[in-house]
Q: 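Dropping the structure in here first, questions after.
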There are 2 protein chains.
Amino acid sequence: MAAALDFQQMLRGAGLRVTRPRMAVLGAVFAHAHAETDSIIGAVRRELPEVSHQAVYDSLHALTAAGLVRRIQPAGSVARYESRVGDNHHHVVCRSCGVIADVDCAVGDAPCLTASDDRGYSIDEAEVIYWGLCPACSAGRAPEHP
Amino acid sequence: MAAALDFQQMLRGAGLRVTRPRMAVLGAVFAHAHAETDSIIGAVRRELPEVSHQAVYDSLHALTAAGLVRRIQPAGSVARYESRVGDNHHHVVCRSCGVIADVDCAVGDAPCLTASDDRGYSIDEAEVIYWGLCPACSAGRAPEHP
DNA sequence: CCGTTTTCTTGAACCTGTCAAGAAAACACT
DNA sequence: AGTGTTTTCTTGACAGGTTCAAGAAAACGG
């Protein structure tokens with residue numbers, strides 16, 4: 001777990017101003033992987049009860065643009081954020097309850113970055129999402145999100 | 001391009017009732033690849049001016065559930081639909097103008113369907129989205145969607 | 001042709017997320 | 001430290017895509 005000082009350095013290193021809301025948002029994203037915006041707002045407010053949701057949205061945008069966090073949004077889901085950036089991992093999403101888990105890239109370092117025919121696009125990222133059922137849901141147990 | 005009779009058979013084959021809105025929606029999805037919901041509503045109304053958007057949403061859900069069309073929704077985009085199903089192709093999305101193109105799967109038939117570590121999930125689909133710039137946008141020309 | 005079931009119409013609501021204006025805070029410089 | 005400039009946060013309203021709910025209409029089986 002990264003500490004307050006680390007977050008501060010991360011912000012400065014990315015050329016961003018250090019503010020309480022940003023520190024709290026960064027902490028929330030590191031503490032809760034794949035958290036949706038609403039959860040992040042909740043987590044931030046436990047530390048700083050007065051932050052506006054707008055501040056959280058702005059912070060998340062700034063952090064995403066700076067590459068400190070990554071935004072993921074599987075179809076049918078709201079935006080989620082995670083702190084693992086730059087390590088080319090992918091995600092498994094449960095069709096039933098929506099839970100997301102990380103999956104390291106099957107093929108190596110930057111594998112999928114080449115399409116068979118790139119259609120003339122200049123590709124800079126390959127995103128892989130595996131769809132299926134999480135262990136709990138495939139076992140027939142009640143999903144987290146009924 | 002598939003004709004009305006084909007659509008009718010597709011619906012029946014999938015155990016769905018044949019209704020005018022569904023026929024029109026199916027036709028619209030086949031005619032316009034990667035069309036967003038709004039465009040589909042427009043296309044359907046050119047044929048059946050009185051359909052409600054709700055009927056289109058319901059039809060799209062039914063067709064998607066039946067596997068006749070596929071719903072795709074890259075992050076930051078609204079829902080889009082396509083008629084190529086079951087052939088394991090993927091998509092390139094332009095970061096600038098949002099245009100989507102099809103890409104045949106690089107590795108073969110059902111390649112990416114195996115994650116290095118599936119985390120206990122029972123995976124049934126691997127979705128790959130390549131992000132980059134389309135030829136027009138990377139050439140610096142004005143994007144379609146300024 | 002009739003009854004049952006599914007689907008469509010109508011109209012309203014919801015929920016993320018964004019826009020806009022001013023107040024407050026952070027940083028650079030002295 | 002103090003000050004000025006720039007960025008960021010607060011407040012409040014708003015937007016667009018999608019869903020919910022109730023009743024009317026249409027499709028299908030017999």
Side-chain angles (χ1 to χ4, degrees), chain A residues 4-5 7-26 28 34-45 47-66 68-69 71-81 98 145-146, chain B residues 4 7-26 28 34-45 47-66 68-69 71-81 98 145:
Chain A
L5 265 175
F7 294 148
Q8 196 166 334
Q9 289 203 332
M10 291 173 69
L11 288 170
R12 290 199 197 281
L16 295 176
R17 293 193 173 183
V18 178
T19 68
R20 293 171 136 284
R22 283 179 181 174
M23 296 283 283
V25 168
L26 202 46
H34 314 133
E36 48 199 67
T37 314
D38 202 52
S39 309
I40 294 175
I41 293 177
V44 166
R45 287 205 172 132
E47 186 179 338
L48 285 160
E50 299 303 315
V51 278
S52 61
H53 59 191
Q54 190 63 358
V56 177
Y57 277 102
D58 286 351
S59 299
L60 286 171
H61 285 164
L63 295 175
T64 303
L68 296 181
V69 307
R71 177 187 173 127
I72 55 183
Q73 188 173 22
S77 167
V78 297
R80 291 160 182 274
Y81 294 87
H145 182 41
Chain B
F7 293 148
Q8 196 167 332
Q9 290 203 328
M10 291 172 68
L11 288 169
R12 291 198 196 281
L16 295 175
R17 293 194 173 181
V18 177
T19 68
R20 294 171 138 285
R22 281 179 182 173
M23 296 282 285
V25 169
L26 203 45
H34 313 135
E36 48 200 65
T37 314
D38 204 51
S39 310
I40 294 175
I41 293 177
V44 166
R45 287 205 173 130
E47 186 178 340
L48 285 160
E50 300 301 316
V51 280
S52 61
H53 57 192
Q54 189 64 356
V56 176
Y57 277 102
D58 286 351
S59 300
L60 286 171
H61 285 164
L63 295 175
T64 304
L68 295 181
V69 307
R71 176 188 172 127
I72 54 182
Q73 186 173 23
S77 168
V78 298
R80 291 159 181 274
Y81 294 86
H145 180 44

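For the numbers below, each heavy atom of this structure counts, side chains included, while hydrogens, waters and symmetry mates do not. Chain A is the first sequence line, chain B the second, and so forth, proteins listed ahead of strands; every chain is numbered from 1.
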Q: With rounding to the nearest 0.5 angstrom, report the CG to CE distance, A:Leu68 to A:Met10.
A: 4.5 Å

Q: For B:Arg22, give me all partners under salt bridge (charged side-chain N to carboxylate O under 4.0 Å, His left out), at least two apart in sequence or on another chain.
A: none

Q: How does protein contact run along nucleotides 16-30 of chain C, one letter per nucleotide 5' to 3', with B for base contact, S for sugar-phosphate only, - for none, heavy atoms under 4.0 Å?
A: SBBB------BS---

Q: Using whole Å, report how far CZ of B:Arg22 lies from C1' of D:dA26.
A: 11 Å

Q: Output the distance between atom OH (A:Tyr81) and atom CG (A:Leu60), rounded to the nearest 0.5 Å.
A: 4.5 Å

Q: How many angstroms lie between NE2 in B:His53 and CG in B:Asp58, if you round to the nearest 0.5 Å?
A: 10.0 Å

Q: Let me know the distance between CG of B:Asp58 and P of D:dC20, rounded to the nearest Å.
A: 10 Å

Q: What is the distance from CD of B:Glu50 to P of C:dC8, rounded to the nearest Å?
A: 15 Å

Q: Could you tell me the separation between the CG atom of B:Leu11 and the P atom of C:dC8, rounded to a whole number of Å?
A: 10 Å

Q: Just the rounded figure in Å: distance from P of D:dT18 to CG of B:Leu60.
A: 10 Å

Q: At what distance, to the nearest 0.5 angstrom, does CZ of A:Arg71 lie from OG1 of A:Thr37?
A: 6.5 Å

Q: At what distance, to the nearest 0.5 angstrom, does CD of A:Gln73 lie from CZ of A:Arg80?
A: 10.0 Å

Q: What is the distance, to the nearest angstrom, from the CE atom on B:Met23 to the P atom on D:dA26?
A: 17 Å

